[in-house]
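Shown next, in structure tokens, is the structure this report addresses.
One-based numbering, in listed order, for ligands and for the atoms of each. Residues: numbered from 1 along the sequence shown.
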Amino acid sequence: MTIAALAPETRNLIDGELVGASHGNVFENLDPTTEEVLGTAADGTREDAERAVAAARRAFDETGWGEDPAFRSRCLRQLHEGLLEEKEQLRSIVVHEAGAPLSLTSYMHVDEPIEMVAYWADLAGRYEYEQAMSDVSFLGRSQRRIMRREPVGVVGAITPWNVPLYLNLTKIASALAAGNTCVLKPAPDTPWSGTHLGRIVVEKTDIPPGVLNIVASSDHLVGEVLSSDPRIDAVSFTGSTRTGRRIMACAADSVKKVFLELGGKSATILLDDADFAAVCPAAAMTCVHGGQGCAISTRWLVPRSRHDEAVEVIRSAFEAWRHGDPKRPENLQGPQISRLQQERVLDFIERGKREGARCLVGGGRPEGKGFFVEPTLFTDVEPKMTIAQEEIFGPVLCVIPYSDEEEAIRIANDSPYGLSGGIHSGDEERALRVARRIRTGTLSVNGGQWFHVDTPFGGYKQSGVGRENGVMGFEELLETKVIALPGSER
Ligand code: NAD
């Protein structure tokens with residue numbers, strides 16, 4: 001299905017109803033590839049967000065949603081089925097509004113995220129919410145204890161635009177599976193990856209009114225209702241570290257649980273015994289989806305002893321890299337999400353040049369429509385340069401030379417972030433030894449892939465707080481209660 005066949009206007013989901021904004025306004029949804037307006041979305045206000053929070057609070061306090069895992073599991077299966085029926089529409093939305101490469105939609109953007117909903121439906125049904133602990137003695141008397149895991153309550157979910165359907169589904173499905181009710185605020189640049197989920201929930205599931213609410217808005221600050229309203233028990237946020245700090249501050253007043261997935265500046269270490277011809281072409285993957293992925297390796301650390309050889313292979317890979325219209329299956333890189341992001345990335349590139357790094361490939365924007373940035377390769381990068389320290393979120397790779405393994409580890413860890421990274425070596429034991437010393441939440445050794453719905457994902461340092469996905473991610477959304485009873489000798 002083409003984008004033209006989709007409803008050109010979308011509404012928010014509040015208390016079981018698809019509604020326009022309280023003041024009746026809409027905002028435009030732009031295609032970053034063509035710069036054309038795709039359609040509109042209801043422009044939710046703070047009042048709309050407050051109504052959504054009230055609905056989620058009531059649904060949590062007054063319906064049995066939190067106590068009925070079998071019903072939750074059934075509802076999430078209905079959602080999974082509904083998503084499968086609309087998979088092609090969703091694919092079209094993600095390609096058009098996020099500029100996601102079509103050929104990546106079967107992985108991170110559409111097919112896999114939909115399958116993840118089945119995982120959450122299953123986990124909701126099979127998780128052991130109550131377990132007996134071993135008996136203990138207190139003042140000479142035996143004590144029994146039961147440990148219960150209960151939903152945390154109302155979850156406010158706030159998402160960015162880079163992998164919008166995946167992040168919206170991950171946050172919604174895990175929160176609902178754990179028995180919470182939820183208010184989602186999707187990113188203004190990708191409203192339909194949120195609002196279409198609201199429509200599918202209403203049309204295809206028995207999820208009760210108020211359990212899930214979705215409020216799109218052009219106003220970022222509508223998100224502050226979710227981080228500050230005392231009726232919200234936990235905030236689950238994915239986005240920039242700057243916004244993450246603000247969310248933590250807003251949440252402090254009501255002492256909410258805060259779960260944050262933030263930025264990254266991941267490093268791949270190429271050890272001197274790696275097969276450079278086989279491994280170095282993967283460096284061009286920095287540019288995948290315009291480099292708009294938090295866990296992408298944007299620093300490649302290469303040994304001085306084989307520096308020029310590595311750079312030659314990486315340069316060839318960058319020159320052969322296919323980019324452009326994301327609807328063409330050969331392109332793994334489309335546009336940046338917006339003019340603002342395009343300018344931000346180009347600004348970083350200029351700073352890199354000014355600070356003395358060598359721009360070997362790209363560095364500009366192609367002619368014509370769309371918010372494109374050329375795949376850009378910097379060499380002679382010093383670890384303290386701005387482009388080696390700050391998250392660019394663009395198709396820009398920094399090659400940084402190192403002298404020995406110790407220095408490589410030091411450079412990799414010399415970052416305020418700690419999200420992901422990689423090691424390549426001809427000796428797996430050596431690579432593992434290095435991997436154990438890198439301060440990040442995930443790592444790939446010799447191209448191994450960690451991404452899966454059951455993999456706990458999150459960051460060290462300023463890359464975040466907590467873990468998403470897997471049983472560990474599910475348990476982030478649960479409270480723990482221990483009930484003690486007199487022991488059996490009574
Ligand atoms: P952003 O922080 O600007 O916005 C993210 C979301 O927060 C949007 O919905 C936005 O409207 C909302 N928001 C903005 N200000 C807010 C406020 N004061 N209170 C509440 N909500 C507010 O991030 P972005 O530019 O949309 O996304 C890019 C960033 O996301 C990058 O830094 C990237 O690394 C990060 N990211 C991280 C992960 C991860 O899992 N670690 C995944 C994807 C993206």
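The protein heavy atom nearest to atom 37 (C) of ligand 1 is L262 O, 3.0 Å. Nearest to atom 43 (C) of ligand 1 among the protein's heavy atoms is N162 ND2, 3.1 Å. The shortest contact between atom 35 (C) of ligand 1 and any protein heavy atom is with G239 O, 3.1 Å. When hydrogens are left out, the protein atom nearest atom 18 (N) of ligand 1 is E224 OE2, 2.9 Å; that is the closest non-hydrogen contact. F393 CE2, 3.6 Å is the protein heavy atom nearest to atom 28 (C) of ligand 1. Taking atom 42 (C) of ligand 1 as the reference point, the nearest protein heavy-atom neighbour is C294 SG, 3.0 Å. For atom 32 (O) of ligand 1, the nearest non-hydrogen atom of the protein is E391 OE1, 2.5 Å. When only non-hydrogen protein atoms are considered, atom 12 (C) of ligand 1 lies nearest to I158 CG2, 3.6 Å.
On a distance-only criterion, R246 and ligand 1 share no N/O pair closer than 3.5 Å. In terms of polar-atom proximity, T241 is not counted as a contact of ligand 1, lacking any N or O under 3.5 Å from an N or O of the ligand. The shortest N or O to N or O distance between T238 and ligand 1 is not under 3.5 Å. In terms of polar-atom proximity, defined here as any N/O pair under 3.5 Å, W161 does make such a contact with ligand 1.
Proximity of the aromatic rings of F451 and Y107 is defined here by a centroid distance below 6.0 angstrom, and this criterion is met. For W161 and Y166, the distance between ring centers is not under 6.0 angstrom.
Residue contact check: A187 has heavy atoms under 4.0 Å from atoms 9 (O) of ligand 1. Close contacts between ligand 1 and K185 involve ligand atoms 9 (O), 10 (C), 11 (O) [criterion: under 4.0 Å to a heavy atom]. Of all atoms in ligand 1, listed by their number and element, those nearer than 4.0 Å to a heavy atom of L419 are 41 (N).
R439 CZ: 12 or fewer foreign heavy atoms inside a 6.0 Å radius. No more than 12 heavy atoms of other residues, nucleotides or ligands lie within 6.0 Å of NZ in K369, so this atom counts as exposed by the packing criterion. Within 6.0 Å of atom CD in E350, more than 12 heavy atoms from other residues, nucleotides or ligands are found, so the atom counts as buried in its surroundings.
Salt bridge status for E330 with R328: present, with a side-chain N to carboxylate O gap under 4.0 Å. Between E391 and K265, no side-chain nitrogen of the basic residue sits less than 4.0 Å from a carboxylate oxygen of the acidic one, so the salt-bridge criterion is not met.
A donor and an acceptor atom, one from each side chain of N168 and S193, are nowhere located under 3.5 Å apart. In this structure, a donor-acceptor pair under 3.5 Å is absent between the side chains of S420 and S266.
Compare S228, G223, G264 by their heavy atoms: the one nearest to atom 21 (N) of ligand 1 is in G223. Residue T243 holds the heavy atom nearest to atom 15 (N) of ligand 1 of all those in V225, I296, T243, L167.
Look at P188 and you'll find a heavy atom under 4.0 Å from some atom of ligand 1.
None of H196, R91, R199 except one satisfies the side-chain hydrogen bond (donor to acceptor under 3.5 Å, both in side chains) rule with E86; the exception is R199.
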> Step by step, would you call S218 with D43 a side-chain hydrogen bond (donor to acceptor under 3.5 Å, both in side chains)?
Replying inline: CA-CA 6 Å; S218 64; D43 197 359; 2.9 Å; yes
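Taking OG1 of T181 as the reference point, atom CG of D61 lies at 8.0 Å (rounded to 0.5 Å).
Neither the backbone nor the side chain of L226 comes within 4.0 Å of ligand 1, counting heavy atoms alone.
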